[in-house]
Structures are given as structure tokens and as C-alpha cells.
Amino acid sequence: MNKLSFDAIVVGSGMSGGWAAKELTEKGLKTLMIESGKNLEHPIDYPTTNLLPWEFEHRGQVPYHIAKQYPSIKRHFLLTESTIPFIKKDEEQEYIQEKSFDWIRGDQVGGRSLLWGRHTQRWSDHDFEGPLRDGFAVDWPIRYHDIAPWYSHVEKFIGVSGNRDGLDAVPDGEFLPPFEMTCIEKHFKASVDIHYPDRHLIIARTANITRPNEIHLQQGRGKCQNRDMCSRGCPFGGYFSSNSSTIPWAKKTGNLTLLTDTIVHSIVYDEEKGKATGVRVINKHTKVTDIYNAKIIFVNASALNTNLILLNSVSKRFPNGLGNDNGLLGRYMAFHNYRGLVKAEYEGLKEFNTDGRRPTTSYMPRFRNLYEQQTNFLRGYSVEIGSSRATYPAGDDFGETLKDNLLNTTPGNWLIYAKMMGETIPKEESRVTLDPFKKDKYGLPQLRISVTFDGNDEKLLQDFFKEFSEMFGKAGYIAIQKIDTKRQPGNENHEMGGVRMGKDPNTSMLNQNNQLHHCKNVFVTDGACMTSTSSQNPSLTYMALTARAADYAVNELKAGKI
Ligand SMILES: Cc1cc2nc3c(=O)[nH]c(=O)nc-3n(C[C@H](O)[C@H](O)[C@H](O)COP(=O)(O)OP(=O)(O)OC[C@H]3O[C@@H](n4cnc5c(N)ncnc54)[C@H](O)[C@@H]3O)c2cc1C
């Protein structure tokens with residue numbers, strides 16, 4: 001084995017890449033992880049983690065001359081002075097929006113695992129059987145029982161807090177003690193229980209450690225301090241990120257080599273061997289190119305960049321991209337529809353003054369079309385429910401007035417909001433392609449993204465408005481506002497598809513083990529592999545699929561089959 005040859009290569013060090021590295025190195029494979037962004041060490045490289053509001057140069061706001069370097073994220077709440085060190089500038093990787101798309105990317109070791117909201121609901125057979133039952137996309141090649149043990153495997157390691165709620169839509173897992181609902185969320189839950197027997201409000205299952213187990217202490221991680229500043233990076237390792245958990249764990253095996261500031265350009269396919277032999281890379285600083293070799297390759301560059309790398313991996317055998325015999329690579333992309341927001345106020349519960357602090361929210365699992373088709377739209381939505389106590393007058397003034405206002409606030413009504421998280425339908429025309437001419441500054445083709453909402457998404461939004469206005473009304477809430485936030489595709493950070501799993505090589509790219517049908521030593525286990533999107537957050541499922549695929553890959557490798 002020379003310095004450029006490994007047993008395995010993992011492309012990308014984010015949520016799914018971290019899991020690939022952990023599993024492969026633990027199973028004894030000499031593994032090279034290649035990350036295009038900068039190095040970032042837990043817990044020392046979190047520059048804003050302990051800053052107080054007045055210690056930020058611009059008091060947390062991002063001034064115009066900086067914000068304009070991040071146009072694809074300008075509509076996102078992430079664009080603050082505390083999180084900006086972890087966000088990729090557009091000029092680092094330009095792309096073409098055939099239809100408006102906010103592409104939000106990390107640019108460091110850990111990827112977006114540093115920035116995520118940590119909601120970790122399992123998917124159920126209502127999701128894995130969805131396409132077959134409702135007649136869209138293709139049938140998933142797996143069912144809940146295939147992935148359930150891997151959900152447990154991941155949950156135990158990362159630490160997921162939650163209740164065992166016994167609900168079909170979001171199966172129970174290996175939970176640490178839950179966070180608590182606020183008083184108004186409990187009040188809303190009681191009302192929902194009375195009026196809607198088929199709807200359930202629960203505390204969201206969340207990847208924050210409420211009581212560390214031995215496995216978390218071994219990772220050097222401690223209890224969540226309820227600082228509610230997770231997206232700055234947590235020095236306590238209170239929430240799961242690849243930086244605090246999987247990557248240091250993989251390093252401890254002695255089997256991991258981490259290469260940063262290095263872009264994977266494409267995968268090298270050997271015609272004679274009939275398999276991939278390595279990856280071509282570009283050093284971001286020197287622009288020098290190289291080839292690294294390995295027996296197996298896990299592509300975890302996040303859904304869109306994984307599509308880009310495979311489309312860019314052309315050879316005589318695969319002139320349209322690696323494994324792309326059926327022409328489906330880059331198609332059937334989907335995302336989550338986060339456009340709906342319903343807000344309300346409550347004049348009761350005035351004896352409770354504070355909403356407290358916790359790193360999560362309440363959650364209502366999908367109730368529409370769960371057991372059967374009930375509506376004129378396909379699928380449904382989950383809902384995040386959050387709340388706070390308003391204070392008047394608000395502290396928006398300046399100088400002395402601001403000081404007076406802050407010193408003399410009066411608690412106002414309770415505020416509650418419901419945020420829709422809608423499933424979208426993957427369609428053949430929802431796709432990404434490579435621009436034949438335009439390249440980014442490192443010489444990679446620019447991605448053309450053509451994904452948008454459709455009539456189903458509009459119907460789902462209207463249904464959400466109607467149902468939540470009614471639910472809040474029945475709970476006695478006032479000042480109900482229905483808001484179309486107009487969040488664009490991508491803005492929810494859950495882009496999926498393009499390299500979907502399926503049973504049939506004619507209609508899918510990957511088999512049930514996330515292996516390219518036509519190039520068996522290449523595995524895709526990030527969002528690109530998803531056949532449909534469910535309405536639950538997807539990252540727990542990426543991690544479980546990754547661990548499952550890594551186990552399979554190592555067994556196949558040891559058996560000499562790949
Ligand atoms: C604000 C926010 C809130 C979120 N909330 C939730 C939530 O509550 N629940 C949930 O499930 N998900 C949530 N997500 C989404 C979650 O972060 C992503 O689903 C997850 O990080 C995707 O994992 P990944 O491994 O596919 O990609 P990433 O974590 O994005 O990592 C990909 C890595 O690959 C690297 N890379 C890209 N291209 C190349 C290349 N050519 N060569 C080498 N390296 C490359 C990138 O630099 C990056 O480090 C949220 C995301 C954000 C930003």
C-alpha cells in the first residue's frame with residue numbers, strides 16, 4: 001500500500017461521511033477521508049461559541065458587504081455573525097439556478113453537522129411504503145425492519161433525547177430523557193388530545209445529550225447545557241456533530257487519514273477491472289491534481305455535490321456519468337416544503353413568566369393520508385411547534401429608550417407557532433445537470449439546478465393553513481396569522497435524490513445496500529440516495545443507511561466480492 005492507496009475512501013466529512021469513516025475504520029479498513037473545506041477541530045475551532053451579544057463586532061447582524069458574499073443563503077435565518085464561519089461563500093462554488101434554489105453548504109470538516117437543528121425522528125413504513133402505495137417515484141428496496149437495528153446503532157452512539165410515544169408515524173428509538181414542553185405547548189397538546197384523536201403533539205426527538213451514557217463519555221462529550229447556541233459549535237459536545245463524535249472516534253482507531261482543502265473532482269473507473277479504482281482530486285491552494293486509490297469508495301459529499309461528482313465521472317464505459325446507464329442520474333430530486341407558518345397568541349397561562357431555554361421544540365408527526373388517501377393531495381406534513389412569552393415594549397429602540405425599555409418590560413401574551421415540514425414528490429423533470437461550459441474557480445463544472453414546487457405542494461400548504469388555524473382556534477388562541485414564508489427549495493437544507501435507491505437497475509441508480517447497480521464498489525449514502533423524502537428530517541436516516549451500507553461493504557470486501 002503506497003501513500004496514495006487505501007482500503008476505503010470517504011468523500012466528504014459531514015453527517016454521513018463521518019459515519020462512513022467511523023464504521024469503516026472500526027472494522028479495520030485503512031480509510032482516507034477527503035474534505036473540500038478547511039480543517040476544524042473540536043472543541044477549539046468554534047470562534048463564536050462563548051461570545052456574548054455585545055462582543056460581536058456587528059452585534060450579531062451581518063453587514064451588507066459581507067452578506068453579499070452569501071447570496072444563496074440571504075433568505076436563511078442561519079446568516080448571522082455567530083454562524084457565518086461555518087457557511088460556504090457562493091464564490092467558492094458557483095452554481096446555476098434554472099429555478100430559484102438556496103444551496104446551503106458547510107465549508108469545513110463536519111460539513112453541516114455543525115449547523116443542523118438536530119431533529120431526529122425515525123422514518124416508518126408509512127414512508128418506505130409511500131411511493132408504492134401512492135404511486136409515485138419507485139418502490140424503496142428496503143422497509144423499516146431493514147433499517148430499524150441501524151437506527152438503534154446510530155441513536156445509541158450520537159445520543160438522542162425523546163419520549164417513547166408509541167406512534168406509528170415516528171417509531172420509538174433508543175432515547176435519553178426528553179426535554180420538556182413549555183406550558184403553552186402542554187396546553188395545546190391537551191386541546192389536540194380532546195379534539196383530534198388521530199393527531200399527537202410530542203417533544204421532538206433531538207440529538208442533544210440530556211444524560212450522558214458511558215459511550216458518550218468515552219467520546220469526551222457531556223450533557224447539553226441548554227445554552228441554545230448549538231449552531232456556533234458546542235465545546236461540551238452536548239449535541240451530535242461529526243466533529244465532536246464520529247471523526248475523533250475514527251481517528252482513535254489509527255486507521256483514518258484526513259485530507260482537507262482537497263476537492264474530489266471525479267471517480268476513476270477502470271474499464272478492465274470493471275470497477276472504480278480511486279478518485280481524482282484538486283488541492284484548493286496549489287490547484288495540483290492527484291489520484292488516490294482505494295478498494296471501495298463512499299460518496300458522502302452531500303446530495304447535490306454527490307450528484308455533481310458522479311455526473312463528472314465520465315469514462316468510455318460511462319459517458320454520461322458513473323453508473324448512469326439508464327440516464328436517471330441527477331433526476332427525481334426532491335426537498336421539503338417549509339413554506340407554511342401559522343402564529344397565534346394566548347391570553348391565558350399568565351402565571352408562567354418564562355419560556356425557559358432548550359435546544360429543541362415540540363413536534364406533531366404527519367397525520368394526513370397516513371393510513372389511507374384522505375385528501376386531494378399526496379402525502380402530508382409534519383409540524384414543528386414552538387413558543388415563547390412576549391415582552392412589551394420590545395427592545396428595538398436605541399440609546400436611553402432602549403435601556404429604559406429593557407429595564408421595564410411587561411410580560412405579554414404567550415406566542416405559539418406551527419411550522420410546516422411538507423413532503424414533496426420526486427419527479428423526473430426535477431433534476432440537476434452539469435453546465436457544459438461554466439466552471440467554478442477550481443475547474444469543476446457548475447451545477448444547473450432545476451427543482452421547484454408543484455400543485456401538490458400548494459394544496460398541502462393550504463391544508464396546513466386550514467388545519468392549524470382550526471386547531472389553534474379550538475385551543476382558544478387569538479390573533480391567528482397564516483404566513484407563506486416563501487422559503488425556496490433548498491432553504492430547508494433537506495435536498496435529496498438524483499442517485500435514488502430502488503430494486504430495478506432500469507429505474508434506479510443504487511440497490512438496497514446503497515451500491516451503484518453498475519459499479520459495485522461505489523456506495524452513496526447521503527441525501528442523494530433517497531427515493532422519496534418523507535416529511536421527517538432526513539439526517540438520522542442518512543446516518544443509519546451509511547452504517548448499514550458500511551457493514552455490507554466490509555463483508556463483501558472480506559468475501560472478495562467487490
Ligand atoms: C440550519 C440547519 C438546520 C438543519 N436541521 C436539521 C434537522 O433538524 N434534522 C436533520 O435531520 N437535518 C437537519 N439539517 C440538514 C443536515 O445538516 C444535513 O441533512 C446533513 O448535514 C447532510 O449530511 P451530508 O453528509 O449529506 O452532508 P454535509 O453534512 O453537508 O457534508 C458534506 C461534506 O462534503 C464536503 N464536500 C462537498 N463536495 C465535496 C467534494 N467535491 N470533495 C470533497 N468534499 C466535498 C462538504 O464540504 C461537506 O463538509 C439542517 C441543516 C441546517 C444547515
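For ligands, and for the atoms within them, numbers begin at 1 and follow the listed sequence. Values below: every heavy atom of this structure, side chains too, minus hydrogens, waters and symmetry copies.
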Novice: Report yes or no: do S266 and S313 form a side-chain donor-acceptor pair below 3.5 Å?
Specialist: no
Novice: Between E35 and T260, is there a side-chain donor-acceptor contact under 3.5 Å, judged purely by atom types and distance?
Specialist: no
Novice: Between R205 and D165, does at least one N-O distance fall below 4.0 Å, as a salt bridge requires?
Specialist: yes
Novice: E492 near ligand 1, heavy-atom distance under 4.0 Å?
Specialist: no
Novice: Which atoms of ligand 1 have any heavy atom of D526 under 4.0 Å away?
Specialist: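 Heavy-atom distances to D526 below 4.0 Å select 26 (O).
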Novice: Counting heavy atoms only, name the option from R112, M33, R118 that's nearest to atom 17 (O) of ligand 1.
Specialist: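 Comparing heavy atoms across R112, M33, R118, the nearest one to atom 17 (O) of ligand 1 lies in R112.
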Novice: Just which atoms of ligand 1 are under 4.0 Å from any heavy atom in Q108?
Specialist: 49 (O)
Novice: With distance as the sole criterion, is a donor-acceptor pair present between the side chains of Q93 and R105 under 3.5 Å?
Specialist: yes
Novice: Which atoms of ligand 1 sit under 4.0 Å from any heavy atom of G106?
Specialist: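 Those of ligand 1 that fall under 4.0 Å from G106 are 47 (O).
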Novice: Identify which of G17, S16, A303 has a heavy atom lying nearest to atom 24 (P) of ligand 1.
Specialist: S16
Novice: Can you tell which part of H265 has a heavy atom less than 4.0 Å from ligand 1: side chain, backbone, both or neither?
Specialist: neither
Novice: Output the list of atoms in ligand 1 that are nearer than 4.0 Å to some heavy atom of M15, sorted by atom number.
Specialist: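 Going through ligand 1 atom by atom, the ones under 4.0 Å from M15 are 16 (C), 17 (O), 20 (C), 21 (O), 23 (O), 25 (O), 29 (O).
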Novice: What verdict does the side chain to side chain contact (heavy atoms under 4.5 Å, CB included) test give for C519 and Y269, after you've listed the backbone C-alpha separation in whole Å, the side-chain angles of each residue and the deciding distance to 0.1 Å?
Specialist: CA-CA 9 Å; C519 187; Y269 182 79; 3.9 Å; yes
Novice: Check this for me: does any side-chain nitrogen of one of E185 and R358 sit under 4.0 Å from a carboxylate oxygen of the other?
Specialist: yes
Novice: Just which atoms of ligand 1 are under 4.0 Å from any heavy atom in T262?
Specialist: 43 (C)
Novice: Could you tell me whether some N/O pair between G117 and ligand 1 is separated by less than 3.5 angstrom?
Specialist: yes
Novice: Counting both backbone and side chain atoms, is some N or O of S539 under 3.5 Å from an N or O of ligand 1?
Specialist: yes
Novice: Quick check: Y542 and ligand 1, any N/O pair under 3.5 Å apart?
Specialist: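 Not met; the criterion fails.
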Novice: Less than 3.5 Å between some nitrogen or oxygen of G37 and one of ligand 1, yes or no?
Specialist: no
Novice: May I ask which of N491, T525, N493 has a heavy atom nearer to atom 52 (C) of ligand 1 than the others do?
Specialist: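 The nearest heavy atom belongs to N493.
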Novice: Answer side chain, backbone, both or neither: which part of P538 comes under 4.0 Å from ligand 1, heavy atoms only.
Specialist: both
Novice: Could you check atom 35 (C) of ligand 1 against the protein and tell me its nearest heavy-atom contact, residue, atom and distance included?
Specialist: E35 OE1, 3.4 Å
Novice: Indicate yes or no: does an N/O atom of S36 lie under 3.5 Å from an N/O atom of ligand 1?
Specialist: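 Yes.
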Novice: I'd like to know if the side chain of R227 pairs up with that of T49 as donor and acceptor (distance under 3.5 Å, no hydrogens or angles considered).
Specialist: yes
Novice: Do T253 and E26 pair up side chain to side chain, a donor and an acceptor below 3.5 Å, judged on atom types alone?
Specialist: no
Novice: Side chain, backbone, both or neither: which part of L78 has a heavy atom under 4.0 Å from ligand 1?
Specialist: side chain
Novice: Counting each atom of ligand 1 from 1 as listed, which ones have a heavy atom of I263 under 4.0 Å away?
Specialist: 41 (N), 42 (N)
Novice: Tell me whether ligand 1 is touched by T120 - counting only heavy atoms on the residue side and a distance under 4.0 Å.
Specialist: no
Novice: Under 3.5 Å, is there a donor on one side chain and an acceptor on the other for D102 and H76?
Specialist: no
Novice: Say whether T306 and D526, considering side chains only, have a donor N or O and an acceptor N or O under 3.5 Å apart.
Specialist: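 The criterion, which ignores hydrogens and geometry beyond distance, is satisfied for D526 and T306.
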Novice: Just verifying a value: how many Å separate D551 CG and H153 NE2, rounded to the nearest 0.5 Å?
Specialist: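 Spacing of CG (D551) from NE2 (H153) equals 8.0 Å.
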Novice: Going by the atom numbers of ligand 1, which of them fall below 4.0 Å from some non-hydrogen atom of I34?
Specialist: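 Listed by number with element, the hits are 43 (C), 44 (N).
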Novice: Quick one: do the S539 and H119 side chains pair a donor with an acceptor below 3.5 Å?
Specialist: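 Not at all, the side chains of S539 and H119 share no donor-acceptor pair under 3.5 Å.
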Novice: Using a 3.5 Å distance criterion without hydrogens, assess whether the side chain of S241 forms a donor-acceptor pair with backbone atoms of S244.
Specialist: yes
Novice: Return the residue, atom name and 0.1 Å-rounded distance of the protein heavy atom closest to atom 1 (C) of ligand 1.
Specialist: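 Result for atom 1 (C) of ligand 1: L115 O, 3.4 Å.
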